[in-house]
Amino acid sequence: VRFKSREKGFSADLSESSDVEHALAEAIAKARGSAGLTQEEVAQRMQTTQSNIARLETGRTIPSTRTLIKFAAAIGARLDRKSTRLNSSH
């Protein structure tokens, strides 16, 4: 799916969105594993369910910023400021 603006040269490719979402899901799963925690342990720390953590790790749920902050705290980490940077593709 591709959206084009009336402005010359602007377009957005939504397939890039799924790539980013997949990478985020993989990073969440890897971070939890590196922390040596199970999905159930992270869920308890976040006061949610194991199935919600599984959905985050498979990309079936796209986390809000608040959820990412809670996840980071649950695994004893911080969000990296670098991940908030948008890079120009030009």
Side-chain angles (χ1 to χ4, degrees):
V1 177
R2 209 165 168 80
F3 289 96
K4 289 200 170 199
S5 169
R6 292 179 184 167
E7 294 180 43
K8 185 177 179 181
F10 176 83
S11 65
D13 186 350
L14 294 185
S15 66
E16 291 178 22
S17 173
S18 65
D19 291 344
V20 171
E21 291 165 359
H22 180 73
L24 179 58
E26 283 185 350
I28 289 170
K30 184 177 179 180
R32 179 190 54 78
S34 294
L37 297 169
T38 66
Q39 289 180 347
E40 183 63 38
E41 290 169 326
V42 172
Q44 288 174 354
R45 292 177 182 197
M46 290 179 67
Q47 299 179 337
T48 189
T49 63
Q50 176 274 328
S51 60
N52 282 339
I53 303 305
R55 283 192 289 273
L56 289 172
E57 292 185 3
T58 59
R60 286 181 283 155
T61 298
I62 306 307
S64 66
T65 304
R66 180 170 286 159
T67 297
L68 288 173
I69 291 168
K70 284 177 72 172
F71 175 80
I75 66 167
R78 291 183 319 135
L79 287 180
D80 184 351
R81 266 180 27 124
K82 292 178 186 174
S83 66
T84 62
R85 186 173 297 149
L86 293 174
N87 294 318
S88 174
S89 61
H90 302 312

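Every residue was checked against the side chain to side chain donor-acceptor pair (under 3.5 Å) condition with Thr61, not counting sequence neighbours, and none meets it. Partners of Ala43 according to the side chain to side chain contact (heavy atoms under 4.5 Å, CB included) rule, which considers only residues two or more places apart in sequence or in another chain, are Thr48, Ile53.
Nearest heavy-atom pair across Gly59 and Ala25 is N-CB, 3.5 Å. Closest non-hydrogen pair, Leu37 versus Arg32, comes out as O-NH1, 2.7 Å.
Sorted by first and then second residue, the salt bridge (charged side-chain N to carboxylate O under 4.0 Å, His left out) pairs with a member in residues 40-56 form an empty list; sequence neighbours excluded.
Note that the CD1 atom of Ile62 and the CG atom of Leu56 stand 8.5 Å from one another [nearest 0.5 Å].
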Determine all donor-acceptor pairs shorter than 3.5 Å in which one atom belongs to a side chain in residues 66-77; sequence neighbours excluded.
from  : atom 1 : to    : atom 2 : distance (Å)
Thr67 : OG1    : Ser64 : OG     : 3.1
Lys70 : NZ     : Met46 : O      : 3.4

